[in-house]
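Hydrogens, waters and symmetry mates are skipped; everything else that's a heavy atom, side chains included, is used. Residue numbers start from 1 in every chain, and the chains themselves are labelled A, B, ... in the order their sequence lines are given, proteins ahead of strands.
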There are 2 protein chains.
Amino acid sequence: MGYWAAEAEAFLRVCAILFLVLTACLVAMDTQTKFIVYTYAKKATFRDLNALPVLVYVDGAVAGYNLLQLSRCSVSAYCKREIQSPLLKNLSWVHFLLDQVAVYIVFVATTAATQASLLAVTGSKAMQWMKLCNRYTRFCVQMGGALLCGYAACIVLALTSFLSAYNLFRLYSPSKFLQLKSKQ
Amino acid sequence: MGYWAAEAEAFLRVCAILFLVLTACLVAMDTQTKFIVYTYAKKATFRDLNALPVLVYVDGAVAGYNLLQLSRCSVSAYCKREIQSPLLKNLSWVHFLLDQVAVYIVFVATTAATQASLLAVTGSKAMQWMKLCNRYTRFCVQMGGALLCGYAACIVLALTSFLSAYNLFRLYSPSKFLQLKSKQ
C-alpha cells in the first residue's frame, strides 16, 4: 500500500473518531429542566426520543471500530512487509465492506435523529403534534450542534470509505472483469 | 470497460429505476379518509408529514438520473470504441461522484421518512405526541410497503455505486498512489 494512502487513511480515521465521540458526548450530556408549575419540574433528556440513544450507541460503536482500524494502520506502518497478493485482496474486501457498513449505519442513525428533532422544532399540524423547542431552547441548540458534528463525521467516514474502495479496486485489472492484475 | 461490468451495471440501474418509481407511486397514491363524527371526514395523505413529499421528489429525480445513465450504457455498448485514457478517467470520476450523491440522498430521504412514520406508529409519551396508525391502518400498511421498496432501492443503488467505484479505481496503479497504470 502506498505511503500517502496509509497516512491519509490514518488522518481521516482520527478525524472520524473525534467527530463521533464529540457527537455522542453532546447528545448524551444534553439535558434541560423546566419548571412548568411552581413545584412541578419537567426534564428534557436525550431519552425522550428513541432515535437519540440509538445515535449515541451507533456513534460509540463506529468510533471503537475506527480505533481498531487505526491500530491496524500503525502496526502495518511499522512492519512494512509485503503481503501476498490473495491475502491482501481478501483483507481489502473485508475493510471495504466494514467501512461501507460503518458509513451507512452512521448516516441512518444521524438522519433518523435529525428527522425526529426537526419534528420537535416544527411540530405537525396534521398530526396534532406540538412543537417543543420553543420551551427547551438551550436543549435544542445543543442537539443541533451535535447533529452538525454527526454529519461532519458522516462526511469523513464517506471519504474513508472512498479510500478503502480505492485500496481494493486498484488491485484489479482495468480491462478484464474481476481479474487481479500482475505487479506493476 | 468490461462487457460483464456494463451488463451488470445496466441490470442494476433498471432494478433501481423500478424500485424508485414503485416507492414514489406507493407513497404519492397513499390516502385514507376516516369519518370522525358523522359528517366530519379527515383525510390522511402523504402531505401530512414533510418527509414524505421530499421522498417522492428525491426518488423521482434519482430515477431520472439513472434513466440518463442507462441510455449512456446502451449507447456506449453500441459504439464499442476505445476511449482515451485521461477522458475515461475524468468520465469515471464524474459517474463515481454522481452515483455516490444519488445513493446518499436516497438513503437520507428514505430514512427521514421512516423515522417520521415510526413516530406515527409508536407516538412519544415524553413529547405528548399521539399515535395515529391505530386509526389509519390501511394507510400505514401501504406506507410500510413503500418504505421497504425504498430500502430495496437503496441497496441496489449502493451496489451500483460499488460498481462505479470499481470502474474508476481499477484504472489506478496498485503500488503508486493516485497514478494511472499503463494498459494491461
Before giving the answer on side-chain contact (heavy atoms from CB on, under 4.5 Å), spell out for A:Leu49 and B:Leu119 the whole-Å C-alpha distance, their side-chain angles and the decisive distance to 0.1 Å.
CA-CA 9 Å; A:Leu49 281 173; B:Leu119 280 173; 4.3 Å; yes
Evaluate side-chain contact (heavy atoms from CB on, under 4.5 Å) for B:Gln100 paired with A:Phe162, printing each intermediate quantity in order.
CA-CA 10 Å; B:Gln100 292 287 339; A:Phe162 293 174; 3.4 Å; yes
Run the side-chain contact (heavy atoms from CB on, under 4.5 Å) check on A:Met130 and B:Gln128 step by step: do they pass?
CA-CA 8 Å; A:Met130 60 181 177; B:Gln128 297 178 308; 2.8 Å; yes
Might you work through the side-chain contact (heavy atoms from CB on, under 4.5 Å) test for A:Phe107 and B:Val103, ending with a clear yes or no?
CA-CA 11 Å; A:Phe107 228 79; B:Val103 63; over 6 Å; no
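Contacts of A:Tyr104 with chain B are made by both backbone and side-chain atoms, with heavy-atom separations under 4.5 Å.
The hydrophobic cluster containing B:Trp129 also contains A:Phe46, counting ILVMFWY residues as joined when their side-chain heavy atoms lie under 4.5 angstrom apart, directly or transitively. The cluster map of Ile, Leu, Val, Met, Phe, Trp and Tyr, joined by side-chain heavy atoms under 4.5 Å apart, puts B:Leu22 and B:Leu148 in different clusters. Transitive grouping of hydrophobic side chains (ILVMFWY, heavy atoms separated by less than 4.5 Å) keeps B:Leu26 and B:Met143 in distinct clusters. Residue A:Val62 is not grouped with residue A:Leu12 when hydrophobic side chains (ILVMFWY) are merged at heavy-atom distances under 4.5 angstrom, including chains of intermediate members. Residue B:Val58 is not grouped with residue B:Leu67 when hydrophobic side chains (ILVMFWY) are merged at heavy-atom distances under 4.5 angstrom, including chains of intermediate members.
Aromatic pair B:Phe169/A:Tyr172: ring centres not closer than 6.0 Å.
Annotation: maximal heavy-atom pairing with chain B below 4.5 Å, among A:Ala112, A:Ala126, A:Ala51, A:Ala158, occurs at A:Ala112. Ranked by heavy-atom pairs shorter than 4.5 Å toward chain B, the options A:Ala120, A:Ser124, A:Ala44 are led by A:Ala120.
The line from CG of B:Leu118 to CD of A:Gln115 is 11.0 Å long, rounded to the nearest 0.5 Å. Atom CZ in B:Arg170 sits 15.5 Å away from atom OH in A:Tyr166 (nearest 0.5 Å).
The 12-atom threshold is exceeded at NZ of A:Lys42, counting heavy atoms of other residues, nucleotides or ligands nearer than 6.0 Å.
Listed for the A:Lys125 side chain is no donor-acceptor partner under 3.5 Å among the backbone atoms of B:Asp48.
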